[in-house]
Amino acid sequence: MKNEPESFSIDDLERVKIEPWDGIRNYQVRNFIRDKMSVGDKAYFYHSSCKIPGIVGMMEICSDAYPDHTAWNPEEHYYDSKSDPENPVWLMVDVKFISKLDEPITLQELRSHPELENMRILQRGNRLSITPLDKHHWDYIQKLYAVS
DNA sequence: GCCAACGTTGGC
DNA sequence: GCCAACGTTGGC
């Protein structure tokens, strides 16, 4: 799950422990959190659009998908007139902090492992802020995680 | 700041 | 339904 650390970082999550992952405004990503995610699933937190992009920690999904109310408020940056309480187009999930890496697993490092080359987040042109991970990719990164 | 890649929008 | 134009993402 990607986020720009300037808006919300792993340190922020460590501080608040649980956070609604709001602001999803892409249908593929919405369908993914709605249909494929379950409470108890784990996710890597990835910092994007920053000096050293990469995996910085781990978290757990701790809610089902529910309406993203920030889409209803014209004051909000992610306001979207298509969505309202009667017809909530956009959804979010709550995530819970698990751990933070002392040293991030950088994008550069991820790319250096041929075992990971098919990971969605590493594909050219991938723009989805949340991407599913194959189990073998998750497990492989777990090994990198253990030594970071 | 640049630019490739992609999703969305809207005219037709 | 097509597709050009536009906005956004995100690495570099």
Side-chain angles (χ1 to χ4, degrees), chain A residues 1-16 19-37 41-61 63-134 136-145 147-148:
Chain A
M1 298 175 74
K2 283 193 290 203
N3 208 51
E4 299 181 17
E6 280 190 24
S7 67
F8 187 80
S9 70
I10 188 70
D11 294 317
D12 295 322
L13 183 60
E14 182 170 25
R15 187 154 11 88
V16 300
E19 176 78 2
W21 199 270
D22 61 11
I24 293 169
R25 298 293 180 269
N26 171 288
Y27 288 103
Q28 285 183 69
V29 174
R30 180 205 64 182
N31 294 349
F32 181 62
I33 67 164
R34 184 188 62 194
D35 304 333
K36 305 286 191 212
M37 266 186 178
D41 284 354
K42 288 176 184 157
Y44 293 120
F45 195 134
Y46 179 97
H47 281 177
S48 64
S49 293
C50 57
K51 224 165 193 170
I52 306 176
I55 293 172
V56 292
M58 199 191 304
M59 54 203 177
E60 182 177 324
I61 310 306
S63 82
D64 290 324
Y66 62 101
D68 182 347
H69 57 81
T70 67
W72 308 337
N73 181 357
E75 309 284 307
E76 289 275 354
H77 178 246
Y78 286 111
Y79 172 68
D80 184 349
S81 59
K82 288 196 297 293
S83 186
D84 61 55
E86 271 69 54
N87 179 32
V89 174
W90 302 116
L91 305 173
M92 59 188 174
V93 293
D94 293 344
V95 298
K96 184 168 68 182
F97 177 82
I98 294 180
S99 62
K100 177 194 168 183
L101 285 166
D102 295 330
E103 295 294 331
I105 305 170
T106 64
L107 175 60
Q108 190 185 15
E109 155 128 42
L110 291 170
R111 287 203 191 284
S112 75
H113 293 272
E115 293 87 345
L116 300 177
E117 68 182 355
N118 293 326
M119 246 169 58
R120 294 253 322 243
I121 200 173
L122 299 183
Q123 299 313 300
R124 186 176 174 77
N126 169 63
R127 299 177 51 185
L128 302 182
S129 59
I130 298 176
T131 45
L133 264 176
D134 292 344
H136 66 279
H137 289 146
W138 173 273
D139 292 342
Y140 189 86
I141 295 172
Q142 278 296 96
K143 285 187 243 162
L144 303 178
Y145 203 99
V147 297
S148 290

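Quick note on labels: first sequence line is chain A, next is B, and so on, each numbered from 1.
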Next item on the list: Report yes if the distance between the aromatic ring centroids of A/Tyr27 and A/Trp90 is under 6.0 Å, otherwise no.
Entry: yes
Notebook entry, point to check: Under the ring-ring contact (aromatic ring centres under 6.0 Å, His included) test, which residues partner A/Tyr66, sequence neighbours left out?
Noted result: none
Margin query: Taking any heavy-atom pair under 4.0 Å as a contact, classify A/Lys51: base, sugar-phosphate, or nothing.
Written below: nothing
Item checked: CD/A/Glu76: more than 12 non-hydrogen atoms of other groups inside 6.0 Å -> yes
Margin query: By the 4.0 Å heavy-atom rule, please label A/Glu4 as base, sugar-phosphate, or nothing.
Written below: nothing
Margin query: Classify the ring geometry of A/Phe8 against A/Phe45: parallel below 30°, tilted from 30° to 60°, perpendicular beyond 60°.
Written below: parallel
Notebook entry, point to check: Of all residues at least two apart in sequence or in a different chain, which pass the salt bridge (Lys or Arg N to Asp or Glu O under 4.0 Å) check with A/Arg25?
Noted result: A/Asp68
Checklist line | Range on DNA chain C touched by chain A, heavy atoms, distance below 4.0 Å | finding: C/dG7 to C/dC12
